[in-house]
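Read the structure below first, then the notes.
No experiment lies behind these values; they were computed from the predicted model shown.
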Amino acid sequence: MDKIKNFDIVINTCLADIESKPKMPDFDENDFLLSVVNGFENGKWREDIFRQFVMNNIAQTGLSADERENICAVDPYSQLTRSIMNLRLVDKENGQGSEIAEIVLYGIMRYHYHALPVVPKIFYKQNSHDNAKGSDSVHIVIDEDAKDFTLWLGEAKFFNDIADERLYDPISSVFEALSTDKLKKENSIITNVKDLEYVIADLDIRKKVKEVLHRDTSIDEVKKRLHVPIMLLHQCDITQKATELSPEYLEEIKLYHLNRAKRYFMSHNNKQKKEDIYGFENIKFHLILFPVPNKASIVNWFVERANQIKQDA
C-alpha cells in the first residue's frame, strides 16, 4: 500500500471512477476520497506514531514562515515550544481536539499533496483577531512545469463518529467558505501576509498567485484553481476493536469509508442544487477520512502535553 509517512492509504480515488453515472448520478469527477489509517504494534493501535505526526507538524500551523525558518536553525525545541504557545487547546465553537484535526490535515497536505503552507492558521487565529476566521487550512500547490498553482482551502473536524448527522456540519462549513465574500477575504489574507514571500521561491509563480488572488480579479478565476480538502478525523469502533493491520480490517475500513463518502457527497451535491453556487463544477473536493480508536485518549494526552510545555517555557 502507498503511504503518507508512517500511515497507510486504504483508498485514494475519485468516486466517479468507482460508481457508474446511471447508478450514482450524484457523483462527479470532482468528488475525491482519501482514506488513511494508522498501524498496530503488539496488538495495539500505534498511538505513539500518531502523536509524533501531530507534534512534528505543529510548527506548520503554529508559526509564521519566517519564525519556522529562523527558530529551527537555532533550536528545534524552541520552535516546538513557540508553536505550542499559539495553541488554543479548547476551541469555543468546536471543543477540544479541533486543532489536532487541523494539524493532521496540514501534515497530509504537506506530505501527500506536496502543498506549501501559505497561512498557518493556528498562528494567525491566535495573533490577528478576526483575520484568520474562515478555512482551517490554506495551502498552495505549485505546478512547476505549467508555471501555475492551485489553491487549497481546507476544513478540519475531530468527531466522536461520522454518522449521517455529523456530516451536515462540515458540509455547511464548506458552503459557507465558498461564498464570494469569504473567498475574497481569504485571498486578501493570503496576499497580505509575509509567508507568501518565504514559501514560493519562483518569482513568476509568486507574481501569478498575487494576480489571481488580487481583490479585483474575478472570483470565477479562483474557483478554476480551487481545491477543498475536508479532513474528518474520527473515533471508529472498527479501529477500536482491531489488533492488527489485517486484510479483514482494511477491507472493513474500506467499505465503511466508501459508504460514508457516498453519503457525504450525496448530501454535499444535494446542497449545491439548493445553493446553486456559480462555478461549483470547477471546484475539486477531497474528503479525507482518518479513523482513531479513542478520541478522548488522544485529546487528553495532547492537551496535557501542550500545557506542560507551556508551563516549562
Decide if the gap between the ring center of [X] and the ring center of [Y] is smaller than 6.0 angstrom.
| X | Y | value |
| --- | --- | --- |
| F290 | F50 | yes |
| H112 | F7 | no |
| F285 | H227 | no |
| F175 | F280 | yes |

Working for side chain to side chain donor-acceptor pair (under 3.5 Å), residues N187 and R215: CA-CA 7 Å; N187 293 346; R215 62 185 180 184; over 6 Å; no

Distance from K223 atom NZ to Y278 atom OH, nearest 0.5 Å? 8.5 Å

Looking only at heavy atoms, which two atoms of [X] and [Y] are closest? And how far apart?
| X | Y | value |
| --- | --- | --- |
| R260 | A163 | NH1-C, 3.7 Å |
| L226 | L183 | CD2-CD2, 4.2 Å |
| K157 | P170 | CE-CA, 4.2 Å |
| V37 | P291 | CG1-CG, 3.8 Å |
| Q235 | A296 | OE1-N, 4.4 Å |

Flag for S137-E102: side-chain donor and acceptor within less than 3.5 Å: no

Charged N-O contact under 4.0 Å between [X] and [Y]:
| X | Y | result |
| --- | --- | --- |
| K224 | E221 | yes |
| D148 | R225 | yes |
| E186 | K182 | no |
| D202 | K147 | yes |

For [Y], does its backbone N or O pair with a side-chain atom of [X] as donor and acceptor, under 3.5 Å?
| X | Y | result |
| --- | --- | --- |
| R46 | G39 | no |
| K295 | F158 | yes |
| T180 | I219 | no |
| T13 | L15 | no |
| Q272 | I277 | yes |

Residue pair [X] / [Y], side-chain heavy-atom distance below 4.5 Å:
| X | Y | result |
| --- | --- | --- |
| L245 | L250 | yes |
| I288 | L105 | yes |
| V209 | L151 | no |
| P229 | M109 | yes |
| Y256 | I238 | yes |
| V36 | I11 | no |
| E252 | E248 | no |

How far apart are the C-alpha atoms of N6 and N38, what are their side-chain angles, what is the distance that settles it, and do they pass the side chain to side chain donor-acceptor pair (under 3.5 Å) test? CA-CA 7 Å; N6 291 313; N38 190 14; over 6 Å; no

Looking at H114, H286, H139, which hits ring pair (Phe, Tyr, Trp, His ring centres under 6.0 Å) with W152? H286

hydrophobic_cluster_shared for I9 and L232, side chain cutoff 4.5 Å: yes

Determine whether more than 12 heavy atoms belonging to other residues, nucleotides or ligands lie under 6.0 Å from atom NZ of K184. yes

Atom NZ of K3: over 12 foreign heavy atoms under 6.0 Å: yes

Criterion side-chain contact (heavy atoms from CB on, under 4.5 Å) against F149, the qualifying member of I200, I140, V141: I140

